[in-house]
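First the proteins, then the strands, lettered A, B, ... as listed; each starts at 1. Predicted model, so just to flag it, every value in this text is computed and none were measured.
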There are 4 protein chains.
Amino acid sequence: MRADALRNRSAIADAALRLAGERGEAVSMEDIAREAGVGVGTLYRHFPDRRALLEDIAVDALRELRDATRAEAGRAPAWEALLRIVDHCVALPLSLTKSLLTDEPERAELPELEVEVTSLIAGIVADAQREGDLRADVPPAEAVRVLNVAVCRCGARADDHLTRVVLDGLRVPKNRRPPVWRGDEGRGEGS
Amino acid sequence: MRADALRNRSAIADAALRLAGERGEAVSMEDIAREAGVGVGTLYRHFPDRRALLEDIAVDALRELRDATRAEAGRAPAWEALLRIVDHCVALPLSLTKSLLTDEPERAELPELEVEVTSLIAGIVADAQREGDLRADVPPAEAVRVLNVAVCRCGARADDHLTRVVLDGLRVPKNRRPPVWRGDEGRGEGS
Amino acid sequence: MRADALRNRSAIADAALRLAGERGEAVSMEDIAREAGVGVGTLYRHFPDRRALLEDIAVDALRELRDATRAEAGRAPAWEALLRIVDHCVALPLSLTKSLLTDEPERAELPELEVEVTSLIAGIVADAQREGDLRADVPPAEAVRVLNVAVCRCGARADDHLTRVVLDGLRVPKNRRPPVWRGDEGRGEGS
Amino acid sequence: MRADALRNRSAIADAALRLAGERGEAVSMEDIAREAGVGVGTLYRHFPDRRALLEDIAVDALRELRDATRAEAGRAPAWEALLRIVDHCVALPLSLTKSLLTDEPERAELPELEVEVTSLIAGIVADAQREGDLRADVPPAEAVRVLNVAVCRCGARADDHLTRVVLDGLRVPKNRRPPVWRGDEGRGEGS
DNA sequence: AATGAATGAGCGTTCATTCAT
DNA sequence: TATGAATGAACGCTCATTCAT
């Protein structure tokens, strides 16, 4: 009985993940249930409501990312750890998490995980800066934000070109002075 | 009444723009009408249906961008023209246009404008490559795609840091050989 | 000014008549106004609301029918007068009046006219029965009801075949005893 | 639950039938649902949209009529079979079917049933003509049309008097020559 | 525990009616 | 006075959620 229930639970989560990826996060609960091969009732037995289901998926993805990130933390060169983390991210449906994070999630885990993942990565960024591979004129938190936006908000399938270009933009060229960050940033929401 | 009607029309378009920006493009027509300070009926007098309203906003934004881009085309240095165009883009809600363009828009203008804007920018990119400011190993169309994704799909408020980093990634460093595009690109959907 | 107003009024009534005939009585006020070549405001200046407009048309039609019926009353043979009245009816959009009459009309004229027209025709029917042209076993009021239903509720264009068959059913054959009305009528809503 | 669902389905169909009969076919879905004692959602679970509901009712009515007509076909005297069929018709809300048939129904069954019922009745009419009970100068198809109009378009509750008079108009008087169809029909859409 | 029928609030849209011009 | 823009109640329909089986 437990085994069945578990199987159902993950069938539902998988179905939600798949459909949300394919058709946007507006998929209906009915469709998710059908895709999972269960009735809506079963879906609601496992997840009290739509938000809970979506948050659950997001939590799973973030946990996976946190674990991967923890495994990379401290490994040198940090630059390459960063590359591996990005590679890892692009396989996760992190795009889902954004709207959930801005929207006052029910599960406290969600912002906690975000904070944890963010600071883990910021640490790796700082390491890479210290190792001279990442331009030092970008505060680590900003660099993480840039990476995050690039990887998570840019469509379901991460765009390699974009990712590569962003990383190139962050990287310190090996054989010259770090590029000067252009001017004073002016009108943005602050540098 | 003409003056009032015009005022209403743009109040509605503005409201739609603002709310679609803030809360995603799933805003309800009622909310848009309320935000604009009119009744739903008025909204529907000006825009026959939801799609028409959204497409209208997108067309306005694309037209503005096309005009700005035309004005920049041919100006040297192309690199700086590109910077100005990006600056222009970040103020526009181009994120809206994406789903409309993929979804078989009713208004033929929409894909036409996209093609026009895209090739105008590709021309400027090619100029910048010829002028030695933009790495030549990225095909102009790809560079435009990267910029587009960076600027249009990355949230309602464009992120200056991201933009700058992307541009830095595209730029040819002034005083050294162009960086070698890392390896063979491997697993992406093609370089 | 008065002339214009009158012209507008009848343009609206005509348009309503035409459209209600063509597309059923669910035509929108906007469409009627457009067909009449005026704005909705003008329509509402002449007719306080939709019901008033429809009732007005019905009153006009009934008045015309009353006048025609008055002119026929007393003329012999009554049977032929009846034929002419039916011919007259088929040109009128009396179908409209039914729902208005059952629905508690605002204008008292409407049921009054109906009563008047009905009893005028009943008189002619009675004459025809006296003259031996119409079967005497149908109460005049019933005969009128039958004619009314046949002519008014059977579609926009009156159906000659139906009308003729109904009249043949009512007519006393010239050279034989009146047919006996079949049995006792039994289960109907009363004979 | 199957039993309940079936009960609901027919409660909805019955309610729709009743209300469409009483108040015309413009009844709102909400009203139908309320009359059936269910929520709108339930209504829509059983019938995908308004048209489907109406067509369903019409199909049911036509099927019932077809079965009754088949049972009568070939029975002598055909004239009495016809009477029974008419008796049957008046109990059905066939008036609904007219607008559905003119309006390109979704369900192909609808026009098919109409053709079948129509030709079955035309056969019975022809039999009645052969048996000398129905005037031979009316083409069977026309006679069916007349009956159809009389029975179906003349209000929700069929009018016995009308029906009887129409049938009398169609009937061959037992003891005299068939009446001559009056003149040449003149201005109609052709005799 | 699983099912899917039932529910009803809410969305997009229409249209009779009002009112500013 | 004529216009047509504005209004909002009401409609057809969807879907997250509940509940009887």
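For the pair B/Leu43 CG and E/dC15 P, the interatomic distance rounds to 17 Å; values are reported in whole Å. In this structure, D/Leu54 atom CG and F/dG12 atom P are separated by 10 Å, rounded to whole Å. Rounded to a whole Å, the CE atom of B/Met29 is 16 Å from the C1' atom of F/dG12. In this entry the distance linking CZ of A/Arg51 with P of F/dT17 reads 10 Å, nearest Å. One interatomic measurement links the two molecules: CZ of D/Arg7 to C1' of E/dA6, which rounds to 14 Å at whole-angstrom precision. Nucleotide E/dT14 holds its P atom 15 Å from the CZ atom of B/Phe47, rounded to whole Å. When the C1' atom of F/dG12 is taken as reference, atom CD of D/Glu25 falls 15 Å away, rounded to whole Å. Residue B/His46 contributes atom NE2, which lies 14 Å from atom P of F/dG4 at whole-angstrom precision.
DNA chain F is contacted by both B/Glu30 and A/Asp49; B/Glu30 maps to the nucleotide lying nearer its 5′ end (nearest heavy atom per residue). In terms of position on DNA chain E, the residue among D/Gly37 and B/Ala26 whose nearest nucleotide sits closer to the 5' end is D/Gly37.
A salt bridge does not link A/Arg107 to A/Glu112: none of the charged nitrogens lies less than 4.0 Å from a carboxylate oxygen. Salt-bridge annotation for B/Arg51 and B/Glu106: absent, with no side-chain N of the basic residue lying under 4.0 Å from a carboxylate O of the acidic one.
Which of F/dG8, F/dT17, F/dA5 sits closest to the side chain of C/Val40 comes down to F/dA5. Side chain of D/Tyr44, nearest nucleotide from F/dT14, F/dT17, E/dG12: F/dT14.
Rounding to the nearest 0.5 Å places CG of C/Leu113 at 10.0 Å from CG of C/Asp60. To the nearest 0.5 angstrom, D/Leu110 atom CG is 9.5 Å from D/Asp56 atom CG. The structure places CD of D/Glu55 at 11.0 Å from CG of D/Leu62, a figure rounded to the nearest 0.5 Å.
Summarising the base pairing, E/dG12 is matched to F/dC11 through a Watson-Crick or G-U wobble pair whose two defining distances lie under 3.5 Å. In a base pair of the Watson-Crick type (N1 to N3 plus N6-O4 or O6-N4) or a G-U wobble (N1-O2 and O6-N3), with each distance short of 3.5 Å, F/dA20 is matched with E/dT3.
Here A/Asn8 reaches the OP1 or OP2 of E/dA2: one of its side-chain N or O atoms lies under 4.0 Å away. An OP1 or OP2 oxygen of F/dT3 is reached within less than 4.0 angstrom by a side-chain nitrogen or oxygen of C/Thr42.
Among the heavy atoms of the strands lying under 4.0 Å from D/Ser28 are primed sugar atoms or P, OP1, OP2 only; no base atom is included.
Counting distance only, with no hydrogens placed and no angle test, the side-chain atoms of D/Arg45 and the base atoms of E/dA5 include a donor-acceptor pair under 3.5 Å.
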